[in-house]
Amino acid sequence: MSNSATITKIDQSLLEKLDPKGELNLASCLQCGRCSAGCTMRLEMGILPHQMNRMVLLGMEDELLSSKAIWTCASCHTCVSRCPMKVNTPALIDRLREMAKSAPTQDLEKIRTFNDEMLKSMKLFGRVYEMGMMGFYKMRTRDLFSDLAKFPTMLAKGKMKIFPPRTRARKAVSTIFDRVHRARRAK
């Protein structure tokens, strides 16, 4: 049995904040769920991509900004590739993350910190250096020992490397991060 809901009000202010030029194509979302079916993080997100699109159209800003879903998205772009209307959900999530950073909540602070450290690692090494990223994450959250028992197993299985990866595209990835940073400051 599904829960029914009655829409009493549609608030376009969140949509206007997130997508003033209509670049994300959110209003075209058919709610077909193809994006959510292909989402690589759907079991962890809590709010699926097609649900996020609808929540923006309904102006549910507080629910979206306090959700774990916007920080759990892996930005793999599977949702965009599957969408028949080319709704750009990863770009929407990036904009929601920017909004959420200015209104931090205690519950999501560790997720935000993890996301920040992952992006820093990608910029510095061209891809994620898991061991370094986790070291900085642990220091910033002051949670040094909670996963320590897992470390030898992850090292033995090759899930973490002692040394950072050697990536030829390191400088190119760093340049992309710098361009995005400059573009955001220019807005």
Side-chain angles (χ1 to χ4, degrees), residues 7 10-124 126-128 130 133 136-137 140-141 173-187:
I7 299 170
I10 294 178
D11 182 1
Q12 296 287 314
S13 62
L14 180 58
L15 178 62
E16 290 168 10
K17 275 193 239 177
L18 292 168
D19 191 21
K21 296 178 183 173
E23 298 165 331
L24 304 180
N25 217 14
L26 292 177
S28 301
C29 178
L30 301 171
Q31 292 293 300
C32 64
R34 291 178 70 180
C35 54
S36 299
C39 178
T40 56
M41 298 301 291
R42 71 180 169 275
L43 298 177
E44 302 296 325
M45 291 184 74
I47 300 171
L48 297 173
H50 77 283
Q51 293 170 328
M52 258 187 246
N53 295 337
R54 182 55 50 106
M55 289 171 77
V56 169
L57 296 176
L58 295 174
M60 300 172 73
E61 183 174 341
D62 293 338
E63 292 86 349
L64 284 166
L65 296 182
S66 62
S67 75
K68 168 178 129 176
I70 62 173
W71 301 102
T72 308
C73 172
S75 300
C76 66
H77 289 243
T78 302
C79 52
V80 177
S81 67
R82 295 176 62 108
C83 180
M85 303 308 289
K86 302 297 177 207
V87 174
N88 195 344
T89 304
L92 166 68
I93 291 173
D94 285 344
R95 292 177 187 183
L96 286 168
R97 285 176 178 165
E98 287 298 317
M99 284 179 71
K101 279 183 178 179
S102 62
T105 59
Q106 193 69 18
D107 296 344
L108 299 174
E109 195 55 40
K110 283 188 172 183
I111 295 171
R112 284 191 198 123
T113 303
F114 185 88
N115 188 52
D116 288 345
E117 291 303 327
M118 184 180 73
L119 292 175
K120 284 180 191 172
S121 180
M122 287 174 65
K123 181 181 178 187
L124 190 60
R127 58 177 294 181
V128 176
E130 292 90 357
M133 178 194 74
F136 284 112
Y137 169 75
R140 281 185 61 190
T141 59
V173 171
S174 180
T175 303
I176 291 169
F177 274 89
D178 290 339
R179 285 183 185 165
V180 169
H181 185 68
R182 280 194 302 267
R184 285 185 176 163
R185 279 195 308 187
K187 286 184 180 180

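Keep in mind that what you see is a predicted model, and the values were worked out from it rather than measured.
Annotation: salt bridge (charged side-chain N to carboxylate O under 4.0 Å, His left out) contacts of K68 (sequence neighbours excluded): none. Partners of E117 according to the salt bridge (charged side-chain N to carboxylate O under 4.0 Å, His left out) rule, which considers only residues two or more places apart in sequence or in another chain, are K120, R140. Under the salt bridge (charged side-chain N to carboxylate O under 4.0 Å, His left out) criterion, R184 pairs with E98, not counting sequence neighbours. Under the rule for a side-chain contact (heavy atoms from CB on, under 4.5 Å), the partners of A69 that lie at least two apart in sequence or sit in another chain are M45, I47, M52, S67. A search for side-chain contact (heavy atoms from CB on, under 4.5 Å) contacts involving A27 returns nothing, not counting sequence neighbours. Remark: H77 pairs with V80, P90 by the side-chain contact (heavy atoms from CB on, under 4.5 Å) rule, at least two apart or across chains.
The two residues I111 and W71 have their closest heavy-atom pair at CG2-CB, 2.7 Å. Here the closest heavy-atom approach between residue S36 and residue H50 is recorded as OG-ND1, 2.5 Å. The nearest pair of heavy atoms linking M85 to S28 is CG-O, 3.3 Å. Here the closest heavy-atom approach between residue G126 and residue V173 is recorded as O-CG2, 3.7 Å. Summarising the geometry of T40 relative to C76, their closest heavy-atom pair is OG1-SG, 3.4 Å, with the distance given to 0.1 Å. In terms of heavy-atom proximity, A37 sits nearest to R82 at CB-NH2, 4.1 Å.
Of the possible polar contacts, none joining the N53 side chain to the C29 backbone as a donor-acceptor pair under 3.5 Å is found. Looking at Q51, its side chain does come within 3.5 Å of a backbone N or O of L48 through a donor-acceptor pair. Side chain of R97 to backbone of I70: a donor-acceptor contact under 3.5 angstrom is found. For T141 (side chain) and K110 (main-chain N/O), no donor-acceptor pair under 3.5 Å exists by modelled atom type.
Between R34 atom CZ and S81 atom OG the span is 9.0 Å, to the nearest 0.5 Å. For the atom pair CG of L26 and OG1 of T89, the computed distance is 7.0 Å after rounding to the nearest 0.5 Å. Here T72 contributes atom OG1 and R42 contributes atom CZ; the two are 14.0 Å apart, rounded to the nearest 0.5 Å. Rounding to the nearest 0.5 Å places CE of M133 at 11.5 Å from CG of D116.
When each of L18, I93, V56 is paired with L64, the side-chain contact (heavy atoms from CB on, under 4.5 Å) condition holds for V56 and for no other.
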**OP:** Could you walk me through whether E63 and L58 pass side chain to side chain contact (heavy atoms under 4.5 Å, CB included), step by step?
**Re:** CA-CA 11 Å; E63 292 86 349; L58 295 174; over 6 Å; no
Original post:
Would H181 and R185 count as a side chain to side chain contact (heavy atoms under 4.5 Å, CB included) if you check the C-alpha gap in whole Å, the side-chain angles of each, and the deciding distance to 0.1 Å?
Top reply: CA-CA 6 Å; H181 185 68; R185 279 195 308 187; 4.0 Å; yes
Original post:
Would M55 and L14 satisfy side chain to side chain contact (heavy atoms under 4.5 Å, CB included), going step by step from the backbone distance to the final call?
Top reply: CA-CA 9 Å; M55 289 171 77; L14 180 58; over 6 Å; no
Subject >> side chain to side chain contact (heavy atoms under 4.5 Å, CB included) assessment of L92 paired with N88 >> reply: CA-CA 6 Å; L92 166 68; N88 195 344; over 6 Å; no
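V87 is not listed as a side-chain neighbour of C35, based on a closest heavy-atom distance of 4.5 Å or more.
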